[in-house]
Structures are given as structure tokens and as C-alpha cells.
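To start, the structure under review is shown below, and the notes come after it.
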Amino acid sequence: MSRPTGWHFLQLPGPTNVPQRVSEAMARPIEDHRGPDFPELTRTCVEGLERVFQTDQTVLMYPASGSGAWEAALVNTLSPGDHVLMCETGQFGLGWAAVAERFGLRVAMLPGDWRRGADPDGIEAHLRDDAGHEIRAVCVVHNETSTAAVSPIAEIRAAIDRADHPALLMVDVVSSLASIDYQHDTWGVDVAVAGSQKGLMLPAGLAFTAVSARAMAATEHARLPRSYWDWRQMRDKNTDGYFPYTPATSLMYGLREALAMLEEEGLDRVFARHARHGSATRAAVSAWGLELQCTRTEDQSDVLTAVRMPEGHDADAFRSLVLERFNMALGSGLGRVAGRVFRIGHLGDFNDLMLLATLCGVESGLVLAGVPVERGGVEAAMRELEGSGGAWSS
Ligand SMILES: *Cc1c(COP(=O)(O)O)cnc(C)c1O
């Protein structure tokens, strides 16, 4: 096979494109993580993350992928045999539940059809039935990356409060943080878990956790075994700007730069940009005559778009064609929608022309793969983008 020329289009919903500024910030000599200058780096990163999580409470950073923060959330707050309520929004909802089960937690799963976000009323009803308050935590994936469905976290908080239930609210914001609005303190979330390789525009390798005072208090009574993930040793060392073990120093240089970039753009504009790209992509899908995996309009994600293949057409064969022909990687269908769904990532460091090029590759790829679609998706997306403010306007 000959060498592919030009850019590789990495249109996954994570890992996302690492901007040049971030790559260059990482390309510098490692410094002593116990040296006198290190606390300044830690503090800059933590303070920037506090603004991104929109919290005044504790933010911690592990050298890990997002899955590490999933585990940390559970082992720091719960004890063997504790009951937790999980929501089957899609593959990531199931994945977090599987971690809980491996630790001997008793998982009740609110069933879902993988076509919408978690249902606040269902959560409220389930908690009302738990008069003895056995359920210790409600876990929700904010942006379910396998289905492109967003769950209404503020409404879920309100539902827990209406049921007058003391369970902790834990939210996976791995693919929503720094892409769509997430308000840790205002929404009353206890634990939020995130990773570096999605909206934060970094390679994988840092896991972030925002912890409420109530969740931090719960850690004193939690009896699940933990060592590497212990919040207390991380918090105590971080207070002085240091880490209990070797931090991912290069990634922290990158994080400092990525946070600066987010602040230069302004979080509100970052969210507005993702919203424009989300609606333009949905306009394209609708013009092609294809179906979105997420059918509930209010829940449709602006971070990625999950598209269903018509019956008899294989999403993975289409993705292979797009990779070979256009040097573009699209996200695969996960779990029970494998082969049935493909996913277009439009998050992170991204602009209108990158989106349009992506959609050109998808449209041509669909035609070449013999999928019965209408043309005109790219044009529909262009019209949508022309009708709303551009990257630097407003
Ligand atoms: C990517 C992702 C994860 C897993 O994160 P890793 O960094 O791959 O461990 C968890 N939850 C959601 C919603 C994700 O999108």
C-alpha cells in the first residue's frame, strides 16, 4: 500500500486532535516533580480545571485514562455490598456498572433503549422505592459516547432531591467536559470523572475527578480496598503542589496549554462552537435520509453524532472504506450497536472547514459503499453553519 498523503482526519469522539500548541508545550525537558518549581505547575493545572468543572471544591488528577477515575469514584466512597443505581444509557453506562460489579457492589440497572439519556423520573421512582436508603450512589454518564445521548444532570439532581434520598450523585463527564456545559457545583454533583483525550485536547493519560465536600467526607467510612486511587493521599500531596507518586509531567505541560487555550476562547464560546457543529452534523444526517441513534431531540449530543446504518449495510465495512479512501478514522459502533452504528466525532480543537471536510468524506463514503442515501448532506451542513455565527464572530 502506498503512503497516505495529507492530513489524517481523526474524527473519533476521543482521542481527539491534539493542537500544535499543546504538542509543542509537551515537547520540553522533564523537570523534577519534587523540585521547587513544580507546585506552580500543579496549581495552574488544578485552578484551570476548577474553572472547567465549574467548581470551588476538590479537583484531583491521576496519571491514568478515564477508566481509572471511574474506579477511583467507587472505591473512595463505597463499601463491599453497597447498592448503587446505574443507568443503561449505552456501552459506557454498562462499562461503569461492570467496574462496580467487579468490586462486589450490588448494581441495580435502570434499563434503557440506548436511544436517549437517563430518565430523571425513573431514577426518582427507584429511589422512592428504597425507603431504607440502601442505595449509596446514583451513577450517570453525562454524554453517552456510544449513542450520542446527553443525560439531564440538573434534572436528575432535582429528582434525587424530590425523593429526599441521600445517595451520592456520580457523573461520568469523560466526553462532555470542556465541550458541553457541565456545572459541578450548581448541579450538586458529588463526584465527576473525566479524562484528558476528549474535550481537553490532550493525549490519553490524565484522569480528572471533581469531588464534593460530601463525597470527600464519605471516603472516611468507605471500606473498599484502595491504594493508588486513594483520594486522601492525592489531596494531601496536591495541597502543597506535589504528588504521592510520579505525575505525568509532560501531559501537565500540555494541560496547562490546553486550559490556556480554552480560556482564550472562553468556555461559553467553546460550548457554542460545539453546538453549531452538532446541529450542522445533524442537518447533514437528516439530508442523507439516515437515522440518528439518539431519537430524543433534547438529548442529542453536540460532541459527536451516532448514525444508524440502514438495514443490510455494515457500518464497519463503511468505516474501512472511508479510512482507505479518505484517510479518515470514524468511531465504531460499540457493544450492542456494533456494526449497526458509526460515530462522527466533532469535539475538541475543531472548526467549520474541518467539519465540512469530515462530512464530505462521510457523504462520499456512503455513496461509494452503496448505502442508499440522498446527496446534499454537506450542503445542508454548510447552510446551517452559514446561518449561525462563525468561529470568531459574536
Ligand atoms: C472515553 C470514555 C470513557 C473511558 O475513558 P478511557 O480514557 O478510555 O478509560 C468513559 N466514559 C465515557 C463516556 C467515555 O467517552
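Remember, it's 1-based here, ligands and their atoms both numbered in the order they're listed. Residue numbers run from 1 in the order of the sequence given.
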(request) Give a yes or no on this: more than 12 heavy atoms of other residues, nucleotides or ligands lie within 6.0 Å of atom CG of Asp56. (result)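 Counting other residues, nucleotides and ligands, CG of Asp56 stays at 12 neighbours or fewer.
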For [Y], is there an ion pair with [X] - N to carboxylate O distance below 4.0 angstrom?
X      : Y      : value
Arg34  : Asp32  : no
Arg269 : Glu264 : no
Glu124 : Arg128 : yes

(message) Can you classify the ring geometry of His184 versus Phe53 as parallel (below 30°), tilted (30 to 60°) or perpendicular (above 60°)?
(response) perpendicular
(request) Work out which heavy atom in Val18 is nearest to a heavy atom in Ser23; give both atom names and the distance. (result)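 Taking Val18 first and Ser23 second, the nearest heavy atoms are CG1-OG, 3.5 Å.
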(request) Anything with a heavy atom under 4.0 Å from ligand 1 counts, so go ahead and list those protein residues by chain and number. (result) Ser65, Gly66, Ser67, Trp70, Phe92, Val141, Asn143, Thr145, Asp172, Val174, Ser175, Gln197, Lys198
